[in-house]
Amino acid sequence: MNASATPPPRRTRRASGRVTLDDVARLAGVSPITVSRALRRERSVDPALAERVQAAADQLGYVPDPAARALASQRSTQVLVLVPMLSNTLFVDLLEAVHRTLFPQGFQPLIGVTHYDTDEEALLLRTYLPHRPAGLLVTGFDRSEAARQLIARSGVPCVHLMETSDAPGVYCVGFSQADAGAAITQHLIDSGRRRIAFCAAQLDPRTLQRAEGYRRALREAGLYDPRLEMLSPEGSSIALGAHLFEETLRRVPEVDAIFFCNDDIAQGGLLAANRGGVSVPGRVAVAGFNDLAGSDQMVPPLTTVRTPRSEVGRAGAAMLLGLMHGTPPARSCVALDYQLVVRGST
């Protein structure tokens, strides 16, 4: 090699044209390592210097490469969050709380949707766990053995949401779906109802747990009749709720109350009652579950169970933060409270 040869000019950008850390360092007049520390908001960086670096990054439109950052630090900042669906306000509220808890701490939620399909959940885990996320939030405990093994063997800290368990080594934040189902059924019994139907859709594990609570309360009162259960595997919707309301009254004319497994089908039931001239709660009481948006605006306003989905998201994400930082929580299972909200429909 000719020692006097002029070295090739240093590239300031990657072949893709993407602005690099070196570009920001050159504009800010600091070293690349200082840029890295400043953008990570490390306390050792002088605030004025950090502000200069941030201004240079903004001017150039610099976006950090999370893959490169994870490789350099040997630590991912992504948290995989698996939920059944995004069309249900329940899980939107949960995800909002997760994001608000994790993002300020430097972690980015990566959302996977299982569509209540255990095989699809296992596929999502096979796809994302090889990227070594920092943590994992999953919904409930109903999953395939393959998915269970993937989680166990990954070594990734995991917190289960929306349900509770006292199994050793399991971290979870939720509430008793069965107890909540029993509580609203007991409210209907206490209000004088004796022919109480249960209308359900989707039939996911948490819906079936509410059904268990419904049966428990009615059996204890000597009122359980399996003919009063209307269970549909279809997705939950207002239209299905209207159909289930009409079908229940057609099959069991003497029914005097209906507990719908979710507020959206309960709202459909109330709309069907209004269209058909069925008095609520005079002829039949109607109750829902989850206290979704609009339930308090129905005619009459819907009695329901207010579930702590935002609190579940916050507490679950906080528990996972501790696990990711190597600090196990004092309690591995956090059981939150639900609230019976009595309105005009009962």
Side-chain angles (χ1 to χ4, degrees), residues 40 64-86 91-175 204-206 309-336:
R40 288 201 303 268
D65 183 344
R69 176 178 289 181
L71 185 63
S73 64
Q74 296 185 331
R75 177 171 174 260
S76 173
T77 58
Q78 291 186 327
V79 170
L80 179 59
V81 187
L82 299 183
V83 294
M85 60 171 52
L86 295 178
F91 297 111
V92 174
D93 292 344
L94 185 149
L95 287 170
E96 174 73 14
V98 166
H99 174 82
R100 288 184 177 276
T101 304
L102 292 179
F103 192 74
Q105 300 300 318
F107 292 94
Q108 297 83 43
L110 178 64
I111 300 168
V113 182
T114 69
H115 301 103
Y116 291 102
D117 186 326
T118 56
D119 290 337
E120 190 163 347
E121 182 185 52
L123 178 59
L124 287 166
L125 290 168
R126 289 191 186 97
T127 301
Y128 291 114
L129 284 178
H131 295 281
R132 303 293 300 167
L136 177 62
L137 293 169
V138 297
T139 306
F141 296 99
D142 182 58
R143 54 189 39 87
S144 67
E145 183 58 29
R148 263 188 272 274
Q149 290 299 322
L150 285 167
I151 294 172
R153 293 171 180 169
S154 71
V156 175
C158 178
V159 174
H160 301 73
L161 305 176
M162 297 304 295
E163 298 179 40
T164 58
S165 170
D166 56 5
V170 172
Y171 297 97
C172 56
V173 176
F175 63 98
D204 62 88
R206 284 160 298 284
R309 59 260 191 187
S310 293
E311 291 87 345
V312 167
R314 281 193 292 270
M319 181 181 286
L320 184 62
L321 280 171
L323 291 170
M324 291 188 297
H325 289 131
T327 308
R331 291 183 295 159
S332 61
C333 177
V334 175
L336 299 174

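Between F107 and M324 the shortest side-chain heavy-atom distance falls below 4.5 Å. Side-chain contact check for L125 versus L82: some heavy-atom pair is nearer than 4.5 Å. Side-chain contact between V156 and R132 is present, with at least one heavy-atom pair separated by less than 4.5 Å.
Here the straight-line distance linking atom CG of L336 with atom CZ of R309 works out to 13.0 Å at 0.5 Å rounding. Here OG of S144 is found 7.0 Å from CD of E121. Values are rounded to the nearest 0.5 Å. Here the CG-CG distance, from L80 to L129, works out to 6.5 Å after rounding to the nearest 0.5 Å. Residue I111 holds its CD1 atom at 12.0 Å from CG of L124, rounded to the nearest 0.5 Å. The CG atom of L123 sits 9.5 Å away from the CG atom of D117 when rounded to the nearest 0.5 Å.
Smallest separation of non-hydrogen atoms from G174 and V312: CA-CG2, 4.1 Å. Across every non-hydrogen atom of P84 and T139, the tightest pair is CD-OG1, 3.6 Å. Contact between V81 and P109 at its shortest, heavy atoms only, is CG2-CB, 4.1 Å. Listed here is the closest heavy atom pair of L136 and I151: CD2-CG1, 3.7 Å. Between M319 and P329, the shortest heavy-atom distance links the atoms CG-CG, 3.7 Å. Nearest heavy atom pair, residue P133 against residue S76, reads CA-OG, 3.8 Å.
Between Y128 and H131, the ring planes are tilted. Angles from 30° to 60° get that label. Aromatic ring pairs are classed by plane angle as parallel below 30°, tilted from 30° to 60° and perpendicular above 60°; the pair F91 and Y116 is perpendicular.
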>> With side chain to side chain contact (heavy atoms under 4.5 Å, CB included) as the criterion, how do L95 and L86 come out once you've worked through the C-alpha distance, each side chain's angles and the decisive distance to 0.1 Å?
In response: CA-CA 9 Å; L95 287 170; L86 295 178; 3.4 Å; yes
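If you run side-chain contact (heavy atoms from CB on, under 4.5 Å) between L321 and each of T327, T101, V79, only T101 comes through.
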Please tabulate, for the side chains in residues 162-172, all donor-acceptor contacts under 3.5 angstrom to protein atoms that are two or more places apart in sequence or on a different chain.
residue: E163; atom: OE1; partner: Q209; partner atom: NE2; Å: 3.0
residue: E163; atom: OE2; partner: R206; partner atom: NH1; Å: 2.7
residue: S165; atom: OG; partner: A167; partner atom: N; Å: 3.1

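A donor-acceptor distance shorter than 3.5 angstrom exists from the side chain of R148 to the backbone of F141, with no hydrogens or angles considered.
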